Structures are given as C-alpha cells and as structure tokens.
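What you see is a predicted model; the values in this text were computed from it and never measured. What you see below is based on every heavy atom in this structure, not just the backbone, and it leaves out hydrogens, waters and symmetry mates. Counting starts at 1 for both ligands and their atoms, in listed order. By convention here, the first residue in the shown sequence is residue 1.
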Amino acid sequence: MSSGLENLQQALKQLRLSEVAVELPFLMREAEQQSWTYHELINHLLTFEINKRDEKNKMKRLKWAKFPYQKSLEDYDIKEQKSLTARQMKQLKDMHWLEQQYNLLLLGPPGVGKTHLAIGMGLEAIDQGYQVMFLPMGELMSILKTSEYTRKSQITLNRIKQSDLVIIDDLMYIAMDQREANQFFHLINHLYERSSIILTSNKSPDQWGELLGDEGIATAILDRLLHRVEVIQMNDESYRMKNRESVFQ
Ligand code: ADP
Ligand code: MG
C-alpha cells in the first residue's frame, strides 16, 4: 500500500471515515507544526471524525423533530412562570425523566408557555443525543388516519414510534371519533414504557373522556399516559397577553 496522502485519504474513505479523509491534509500539517506525538495524532484524527459525525447526527435529528420554531429553555423566563421553580427546571433539564420514560403533562390556558417549554425540552433532549418528534395534535391525527394507505404517513408513524421523546401539542383540541380514538390508543400503547411523551393541553385529563367519545378508550389511554407522569399545571396570566406589543404609545 502506497502511503501518499491521496492514498491515505482513499483508504480512509473506504473505511467510511470520510470526514477525516477530507480534513487529512490540514490535520497532517498541524501535526507537523505542533509536533504531535503518534498518540496525539491518532487521537486528533479519531476525535475529528467522531465530532463531525455527532454534529451531523444532531442536525439530522433536529430536522426530523419538525419543531414549528426553535425556542430554548434558556429563552424561557422562569420568573414569568410561577408554577415552576428554578430547581424543578434544572431537574427537567437534566433529562432523568426521559431516561426513565416519564411523561410530562403541561396543562394550562392559552399563552402561558406550554408549547415553548415543550420545544425547549425537545431541543435539550436532541442536544443530549435523543431522538425527538414534535406533532401538533391535528397533524398526528391526520398521520394516523392516512398511515394505512400513504407511504409518507407510514414512514412518519414509524419515526414517531422510534422516537425517545414524542411531543403532542394541544391534545384534545379536536374531538375524535371512535376509529381515531382507537388509533390514538394504539400509538400511546406502543410508546408506553418505551418512550417519553410530552403532552400540552388546555383541558384537564378528567375532560378528555368526552372529547375521546369512548369512555373505555379514554380510560385505557389515561391509564398508560398517567402511569408515570409529572403534571405541570401552568395557570399564570398569559405571557402573550402581558407582553404583547401595543399600537398605542
Ligand atoms: P401556550 O402553548 O401555552 O399557548 P406558548 O408556548 O405558545 O403558549 O407561548 C406564547 C408565547 O409567549 C410564545 O412566544 C412564548 O415563547 C412566550 N412565552 C410564554 N411563556 C414564556 C416565558 N416564561 N418566558 C419567555 N417566553 C414565554
Ligand atoms: Mg401552545
């Protein structure tokens, strides 16, 4: 085997170390300038490949998550939200709940920051290497409805089932018929004890029954959702209203 730089790059590509293959000339030059030891050189090459891959994976996961917008937990002003202490926020951020397949229920009227908090949590989870999916309730229902005959919905549904964290935004905003409630139950049952779910809703769980139509299914869904759950009741004044821009000076 020839040891010219191009041959090395070729070999690296063959071994699927394509990131470091591209970067090799620069890394070799730096190795000479900095007089890296053999050990340091190998370390730099491998670390470069790993970091690049992590970065690319993260970008891919971010794209898959389909967040409607990106607002982080850092953008979330804890002083504005009296129902959540700084200590609780820190505990949510460390993602132990996700590791243990806990669900989060974010309840409260419109404008109190439920969606923002859910997205922030999703972004944090992606940062820590988890696979996340964000779904407005209406979109989830249409995916479930069409998954049997649309390939695109089938793929999306498989992706949802594989996610570590599934965010369902504005649960029960729409009333479901029996068939839809059934499909929804099957998904929740699949995710149960396998993934975490964040649900946001402006209705409390005791009102979900009537929206789901069928009391039996509602009970079965609630049973799984609430088995391991942290409920965050957000009843502050609407952040949106309080901080709205006015046309009057
Ligand atoms: P909800 O989902 O409860 O209706 P949103 O999450 O959509 O509310 O929040 C409404 C708007 O107010 C968003 O732009 C959000 O970023 C902002 N917001 C709400 N609460 C906070 C907060 N505590 N800190 C910073 N921004 C907030
Ligand atoms: Mg919302």
Query raised in the report: Under 30°, 30 to 60°, or over 60°: which ring-plane class applies to H116 and Y76, parallel, tilted or perpendicular?
Result: perpendicular
Report task. Verify the distance criterion only: is there a donor paired with an acceptor across the side chains of T146 and S153 at less than 3.5 Å? Result -> yes
Query - Carboxylate-amine/guanidinium contact K56 E19, below 4.0 Å - result: yes
Query - Salt bridge flag under 4.0 Å for residues K93 and E74 - result: yes
Report summary line: Quick note on ligand 1: atoms under 4.0 Å from a heavy atom of P110 include exactly 4 (O)
Report task. Please determine, by modelled atom types, if D164 and S195 share a side-chain donor-acceptor pair under 3.5 angstrom. Result -> no
**Report entry** T200 N/O/S atom closer than 2.8 Å to the Mg ion (ligand 2)
**Finding:** no
Report summary line: In ligand 1, the atoms that come under 4.0 Å of a heavy atom of K71 are 13 (C), 14 (O), 15 (C), 16 (O)
Report task. Return a yes/no value for I78: is any of its N or O atoms, backbone included, closer than 3.5 angstrom to an N or O of ligand 1? Result -> no
Requested in this report: For D77, counting its heavy atoms only, list the atoms of ligand 1 lying under 4.0 Å from any of them.
Outcome: 22 (C), 23 (N), 24 (N), 25 (C)
Query raised in the report: Does ligand 1 have any atom that is closer than 4.0 Å to a heavy atom of T200?
Result: no
Query raised in the report: For atom 9 (O) of ligand 1, which of A118, G108, G113, P109 has the closest heavy atom?
Result: G113
Query raised in the report: Does L117, backbone or side chain, put an N or O under 3.5 Å from an N or O of ligand 1?
Result: no
Query raised in the report: When you measure from the side chain of R61 to the backbone N and O of Y130, does any donor-acceptor pair fall under 3.5 Å?
Result: yes
